[in-house]
Each structure stands twice: as C-alpha cells, then as structure tokens.
Amino acid sequence: MNRPVATRPRCQLWNLGPVAGLEIPGAPFFVGQPEDNGWESPARLGITTARIEVFCDDPDAFIARAVEAGADGSRDAIRDHEAPWGVHRQGGFVDPFGHIWLVGDRSPLVARPGGPSR
C-alpha cells in the first residue's frame, strides 16, 4: 500500500512495508531492509553499508524526529563544525536498518555570500 503515514514541512514519510520512503522537495528516495532479496543488513554483515547525508533548515529537529521514531542518536552528537565552506551545524544518527545518516544545515554545494564558490 502506498499511503503517507506522516506529513511534515519539507519532507514526507511513506510506509511501503519493508521500505521507508522520504520525499524532500525534488528528491524522493527510499531506504529498505533486506527481505530475501540478495542483500544483507549492516547489522548482519557487521559493517556499515551506506552513509546518507541530508541538508535542511533545522537539523536539530530532523535528528530529534528520527530518534523519536527509533533511530540511535548516540553516534554523532549535533554541533557546529568548521568547514572549508564555513561554519555549519551537523549531527547524525543510525537508522533502524543500520545506515548512518548525517544531517546538516549548509551544503558545500550551495554557494554562500562571502564563502568559497563550489
């Protein structure tokens, strides 16, 4: 069944059985769990198999919602980082499938006034 289970500003979560779907305007994507489909979970393999990076206006709220929904927020506490493209706020979590997510407020791909160009 293809139905939204929660709607929030700037993203939408879908429940497609073993697949979690997000839609961030212009960029829908899905994260799925193994179910006899030829690939294994990070937990079973003993290694992380994917890192997902997301940039949004409020990374604190994004991470808080993920932790509230069952993610492990202890891996990378949110904080301000110095980066070549300027100071940005970023943190992370591990989703229930075992994938690492990093969530920040400033993408290095977006030119900032007074900052280096891409």
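All values below come from the heavy atoms of this structure, side chains included, with hydrogens, waters and symmetry mates left out. All residue numbers in this chain count up from 1 along the given sequence. Because the structure is a prediction, the values reported are computed rather than measured.
Nearest heavy atom pair, residue Gly70 against residue Pro96, reads O-CG, 3.9 Å. Taking every heavy atom of both residues into account, Gln90 and His81 meet most closely at O-NE2, 3.3 Å. Nearest heavy atoms, Ile63 versus Gly92: CD1-N, 3.7 Å.
Asp76 pairs by the salt bridge (Lys or Arg N to Asp or Glu O under 4.0 Å) definition with Arg79, not counting sequence neighbours. Every residue was checked against the side-chain hydrogen bond (donor to acceptor under 3.5 Å, both in side chains) condition with Asp58, not counting sequence neighbours, and none meets it. By the side-chain hydrogen bond (donor to acceptor under 3.5 Å, both in side chains) test, Arg51 pairs with Glu53, sequence neighbours left out. Under the salt bridge (Lys or Arg N to Asp or Glu O under 4.0 Å) criterion, Arg89 pairs with Asp60, Asp80, not counting sequence neighbours.
Cluster annotation: Val94 and Ile52 are assigned to distinct hydrophobic clusters (Ile/Leu/Val/Met/Phe/Trp/Tyr, side-chain heavy-atom contacts under 4.5 Å, transitive).
Note: Phe93 and Trp101 have parallel aromatic rings, judged against thresholds of 30 and 60 degrees for the angle between ring planes.
With side-chain heavy atoms closer than 4.5 Å counting as contact, directly or through intermediates, Val87 stands alone and belongs to no larger hydrophobic cluster.
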